[in-house]
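The structure appears right after this line, and notes come after that.
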2 protein chains.
Amino acid sequence: MTVHPKVSPASDPTKSDHVVPRARVPEDRVVPEATVARLAVYLRVLGEVAATGSETVSSEDLASAAGVNSAKLRKDLSYIGSNGTRGVGYEVSRLMRQIERVLGLTQRHAVAVVGVGNLGHALAGYSGFSGRGFPLCALFDVDPDLVGIRVNGIVVEHTDRIGEVCAQRGVTIGVIATPGAAAQSVCDQLVAAGVRSILNFAPVVLQVPEQVEVRKVDLAVEMQILSFHVARRHGEFAARNGSAVPARAVGPR
Amino acid sequence: MTVHPKVSPASDPTKSDHVVPRARVPEDRVVPEATVARLAVYLRVLGEVAATGSETVSSEDLASAAGVNSAKLRKDLSYIGSNGTRGVGYEVSRLMRQIERVLGLTQRHAVAVVGVGNLGHALAGYSGFSGRGFPLCALFDVDPDLVGIRVNGIVVEHTDRIGEVCAQRGVTIGVIATPGAAAQSVCDQLVAAGVRSILNFAPVVLQVPEQVEVRKVDLAVEMQILSFHVARRHGEFAARNGSAVPARAVGPR
DNA sequence: ACCTGTGAAGATTTTCACAGCA
DNA sequence: TGCTGTGAAAATCTTCACAGGT
């Protein structure tokens with residue numbers, strides 16, 4: 001079941017020296033997963049800052065615009081070897097380039113979307129896709145009525161041709177927007193075609209080889225998490241006095 | 001000079017005492033945030049198990065279907081005071097009810113979707129919405145061509161009426177599917193209307209009072225995270241000893 | 001024999017707080 | 001003075017490993 005690559009409980013928790021020499025790539029720093037997710041957010045916020053004409057930002061301002069605290073932001077940026085200037089802040093354009101480089105946005109990633117229903121359509125039309133280094137290169141569906149039509153300039157192919165078309169067009173990222181029942185099979189085909197990164201919108205837990213990175217976006221899960229918090233809010237107070245909603249500390253603006 | 005347009009973000013000065021109130025269940029048990037997200041997944045998988053006719057599952061089987069390891073699953077379930085039977089496993093229907101109760105799915109949560117573009121349409125048509133205890137009760141848009149039309153049985157209202165309509169229909173969860181530029185303003189209106197849970201699809205970091213729970217779904221961020229992993233695979237470990245691929249297993253979230 | 005529930009260890013992430021530089 | 005970069009502490013989350021019930 002669980003694969004156990006390493007067994008030895010490792011060594012002394014003296015983190016100061018990275019004992020295991022990683023490959024000799026320039027800027028080889030370990031970027032925590034949690035940090036990666038936030039870097040993308042910082043990048044967008046930096047874009048907004050740049051649009052205002054500011055050439056520098058402080059960690060404080062950037063953090064508050066990104067909704068995190070400034071210590072976290074500084075630590076995140078320190079992982080990517082960034083340097084701002086003490087007493088001044090970060091140079092916006094330089095920092096943007098740095099984050100883009102770390103996120104691999106200096107290369108383009110050809111994207112295929114499988115499933116051209118409501119959601120697939122919306123995705124295909126999403127400008128942030130092609131606009132931001134993720135050119136949409138292929139669309140697939142099983143529905144004969146959809147195969148052959150053109151969406152956002154791309155002709156919809158039959159899912160049977162996933163392997164062939166993805167290989168041909170160098171697809172590196174696959175987006176699954178099919179019904180749940182079809183998702184695993186589609187996923188298998190993408191993986192067979194060499195796709196190693198998948199964004200899954202189908203309400204299914206995909207089983208993939210470990211080298212494949214899957215990100216899941218699940219509306220039902222998000223709604224249920226919100227539901228939990230709604231219930232919690234009511235539960236904490238309602239038990240005692242039966243009132244619907246606890247007094248609000250913040251009124252309408 | 002400062003970037004933040006609005007009031008306090010979900011984190012800031014006032015946040016010195018940042019101890020997020022832990023999630024509580026009537027029994028005074030604490031459910032970690034990370035666990036809450038997985039409970040929703042377990043619930044779906046349990047549904048699939050139930051469909052096969054099994055009346056019990058082991059932590060091992062359930063975990064593998066949910067893509068997590070069994071120790072984690074058992075610990076998660078222990079937080080909700082669940083009990084399976086040693087030597088046997090968990091009773092499927094009982095466990096489902098328990099999770100539903102903890103997630104607050106025993107009550108209905110009226111949902112409003114703001115923004116009836118491509119994505120909003122897709123969301124409005126999403127069956128898992130109304131089907132699963134989240135009745136879609138209101139739709140809003142600014143576009144005069146959309147206001148008044150009926151989508152999935154719901155008449156689209158103008159966003160000016162968010163406050164009025166949400167209050168009237170008892171909306172507790174708001175979904176923002178507008179362009180980024182409109183999102184903050186829409187959010188403010190939802191909050192003013194008493195909505196305390198928001199699912200945000202707009203590529204913006206919303207600034208909200210701290211009692212409001214915001215979940216963000218951000219396609220660009222997801223793509224960029226995948227991009228990072230693509231780049232890492234190709235870059236760093238390329239020529240390390242010939243053995244297995246160094247990529248570490250990364251579970252969903 | 002099998003499988004849950006959980007204390008404790010380990011790993012990761014967040015926050016604090018301050019040294020040090022422009 | 002103002003703000004970054006970062007050790008170190010704290011908090012959170014994951015995994016181990018086994019006691020204990022069936």
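It should be emphasised that the depicted structure is a prediction, and the values quoted were computed from it without experimental measurement. Sequence lines set the chain letters: A, B, ... in the order given, protein chains first and strands last, and positions in each chain run from 1.
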Between [X] and [N], does any side-chain N or O lie under 4.0 Å from OP1 or OP2?
X     : N      : value
A/K75 : D/dT6  : no
A/Y79 : C/dT14 : no
B/S59 : C/dT4  : yes
B/R74 : D/dC16 : no

[X] [atom1] to [N] [atom2]: how many Å, rounded?
X     : N      : atom1 : atom2 : result
B/N69 : C/dG10 : CG    : P     : 17 Å
B/D76 : D/dC16 : CG    : P     : 15 Å
B/L73 : C/dG5  : CG    : P     : 10 Å

When only distance counts, do a donor and an acceptor, one from the side chain of B/R86 and one from the base of C/dT4, lie under 3.5 Å apart?
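It does, because a donor-acceptor pair links the side chain of B/R86 to the base of C/dT4 below 3.5 Å.
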Determine whether more than 12 heavy atoms belonging to other residues, nucleotides or ligands lie under 6.0 Å from atom CD of A/Q207.
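It does: A/Q207 CD has more than 12 such atoms within range.
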Return the set of residues passing side chain to side chain contact (heavy atoms under 4.5 Å, CB included) with B/S58 (not counting sequence neighbours), or none when no residue passes.
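Result, side chain to side chain contact (heavy atoms under 4.5 Å, CB included) vs B/S58: B/E60, B/D61.
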Can you list, pair by pair, the side-chain donor-acceptor contacts under 3.5 Å of residues 82-89 of chain B, counting residues two or more places apart and other chains?
| residue | atom | partner | partner atom | Å |
| --- | --- | --- | --- | --- |
| B/N83 | OD1 | B/R94 | NH2 | 3.3 |

May I ask you to check whether B/H109 and A/S227 show a side-chain donor-acceptor distance below 3.5 Å?
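On atom types as modelled, these side chains qualify, holding a pair under 3.5 Å.
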